[in-house]
Amino acid sequence: MNLIINNHILNFSDPCIMGILNITPDSFFDGGKYNTINKVINHVSNMINDGASIIDVGGESTRPGSEHISVNEELDRVIPVVLELQKRFNTIISVNTSKIEVIKESILAGVDIINSIYPFDKKILKLMANNNLLVCIMHIKGTPKNMQIFPFYSNLILEISEYFDYQIKKYQKYGIKKNRIILDPGFGFGKNLSHNYMLLSQLNIFSKFKLPLLVGMSHKSMISKLTGTTKSLYGSIACAVIAVINGANIIRVHDVAQTAAALKIVKSTLTIKN
Ligand code: 9MG
């Protein structure tokens with residue numbers, strides 16, 4: 001499976017690494033770390049050299065309990081960084097945002113993927129129908145402010161499958177072709193610990209949609225809650241490895257070098273023929 005965007009090809013014969021660039025003062029893991037353009041460029045350059053094929057830029061935290069920021073604040077954080085990355089690197093750039101104004105400016109700045117944690121509303125769908133960017137449909141129950149207050153499902157996997165089915169049809173109705181869609185079950189977005197691990201163990205069920213599958217578990221609380229330590233690098237890598245074995249195509253991570261090394265082992269093991 002290949003996806004073509006602008007002048008890039010995303011080839012899913014190998015898992016792709018999406019490196020996280022949080023330009024937020026309050027993200028749970030790396031909030032406030034990349035607060036100058038030099039630090040950003042250095043970090044992105046390292047992520048690309050270490051094996052990231054996509055850089056996901058985010059100006060608003062999506063961690064549980066987080067509040068929205070204003071449009072202007074998000075624009076001021078995201079757009080100058082995207083323009084600088086476009087100038088310096090020949091890489092696929094994704095912007096994680098749900099605001100139409102930020103999406104519009106990101107498109108003008110030349111990004112390749114819009115990674116929204118919410119399904120697009122009609123206005124955004126119409127806007128996205130008029131370009132060729134890739135879009136991510138991520139499952140979420142609630143909003144970051146309330147999503148972790150007793151999330152409940154009578155059948156988690158079925159509910160997420162039905163959500164994907166509904167959203168894919170809606171996106172197609174507005175003119176977004178299926179070959180522009182990426183799916184993401186949304187680890188930690190309205191899911192408790194056992195929901196998250198059930199999802200990880202049954203990820204391959206979503207291969208029935210025949211669309212690229214993105215997952216993000218890097219340093220999320222599903223890891224520290226299980227291991228009992230706040231140092232969640234090894235747990236994050238274990239999750240990435242299991243996700244790829246279970247069919248994930250894009251892994252959204254903070255630690256690109258370590259994840260790339262682990263995924264090389266997975267790849268060579270999965271490709272051994274008897
Ligand atoms: C922005 N963001 C934070 N966590 C994420 C996840 O798991 N998936 C996607 N697509 N975006 C995320």
Side-chain angles (χ1 to χ4, degrees), residues 3 10 15-24 26-31 34 52-69 74 77-78 81-82 92-99 102-103 106 111-120 133-145 147-148 151 156 160 163-164 167-168 171 180-193 195-197 199-200 203 206 209 211-224 232 235-236 239-240 242-244 246 248-255 259:
L3 284 187
L10 261 180
C16 297
I17 295 182
M18 174 185 256
I20 300 172
L21 177 63
N22 279 329
I23 38 174
T24 51
D26 57 342
S27 275
F28 61 94
F29 178 63
D30 51 2
Y34 307 109
S53 42
I54 306 171
I55 302 297
D56 189 41
V57 183
E60 180 176 81
S61 173
T62 56
R63 73 175 203 287
S66 60
E67 306 268 1
H68 285 301
I69 58 168
E74 196 174 332
R77 286 182 193 173
V78 171
V81 167
V82 169
I92 297 173
I93 300 179
S94 152
V95 166
N96 69 71
T97 183
S98 334
K99 297 189 180 77
V102 181
I103 296 177
S106 299
V111 305
D112 307 285
I113 305 177
I114 301 296
N115 171 29
S116 171
I117 63 160
Y118 297 112
F120 291 152
L133 269 59
L134 302 185
V135 299
C136 178
I137 297 177
M138 194 196 82
H139 177 268
I140 183 168
K141 196 161 187 175
T143 65
K145 186 131 184 68
M147 65 194 179
Q148 292 310 104
L156 173 77
I160 297 178
Y163 180 89
F164 284 157
Q167 296 296 343
I168 293 167
Y171 279 42
R180 290 172 50 200
I181 298 175
I182 295 166
L183 297 179
D184 182 339
F187 283 94
F189 286 92
K191 283 121 191 145
N192 65 24
L193 194 62
H195 295 142
N196 284 318
Y197 284 98
L199 207 47
L200 182 56
L203 208 56
F206 303 117
F209 290 101
L211 289 174
L213 199 59
L214 190 162
V215 294
M217 289 169 279
S218 183
H219 294 282
K220 288 192 178 167
S221 68
M222 64 180 277
I223 296 163
S224 50
S232 43
S236 299
C239 288
I242 297 167
V244 169
N246 287 348
N249 304 100
I250 305 174
I251 316 294
R252 185 179 182 275
V253 297
H254 300 85
D255 311 287
T259 310

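As the structure is a prediction and not an experimental result, all values here were calculated from the model. All ligand and atom numbering here is 1-based and tracks the order in the structure.
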**Q** Would H139 and K191 count as a side chain to side chain donor-acceptor pair (under 3.5 Å) if you check the C-alpha gap in whole Å, the side-chain angles of each, and the deciding distance to 0.1 Å?
**A** CA-CA 10 Å; H139 177 268; K191 283 121 191 145; 2.8 Å; yes
**Q** Using a strict 4.0 Å cut-off to heavy atoms of N115, name the atoms of ligand 1 that fall inside it.
**A** 9 (C), 10 (N), 11 (N)
**Q** Between Y118 and I140, is there a donor-acceptor pair closer than 3.5 Å when you use the side chain of the first and the backbone of the second?
**A** no
**Q** Do any N or O atoms from the side chain of N115 and from the backbone of C136 form a donor-acceptor pair under 3.5 angstrom?
**A** no
**Q** What atoms of ligand 1 come closer than 4.0 angstrom to any heavy atom of F189?
**A** 3 (C), 4 (N), 5 (C), 6 (C), 7 (O)
**Q** I'd like to know if the side chain of S106 reaches the main chain of V95, judged simply by a donor and an acceptor atom lying under 3.5 Å from each other, with no hydrogens or angles considered.
**A** no
**Q** Mark up the atoms of ligand 1 that fall under 4.0 Å of a heavy atom belonging to G216, in ascending order.
**A** 7 (O)
**Q** Under a 3.5 Å distance rule, please check whether N249 uses its side chain to pair with a backbone N or O of L213 as donor and acceptor.
**A** yes
**Q** Within the side chain of S232, is there an N or O that forms a donor-acceptor pair under 3.5 Å with the backbone of S224?
**A** no
**Q** Do any N/O atoms on D184 end up under 3.5 angstrom from N/O atoms on ligand 1?
**A** yes
**Q** Under 4.0 Å from a heavy atom of L214: give me the atoms of ligand 1 that qualify, with their elements.
**A** 10 (N)
**Q** Tell me which protein heavy atom sits closest to atom 2 (N) of ligand 1, plus the residue, atom name and distance to 0.1 Å.
**A** R252 CZ, 3.4 Å
**Q** Just jot down the ligand 1 atoms closer than 4.0 angstrom to any heavy atom of N96, in number order.
**A** 1 (C)
**Q** Can you name the atoms of ligand 1, numbered from 1 with element, that are less than 4.0 Å from a heavy atom of K220?
**A** 4 (N), 5 (C), 6 (C), 7 (O)
**Q** Measuring from non-hydrogen atoms of M217 to any atom of ligand 1, is the shortest distance under 4.0 Å?
**A** no
**Q** Between Y171 (side chain only) and R180 (backbone N and O only), is there a donor and an acceptor less than 3.5 Å apart?
**A** no
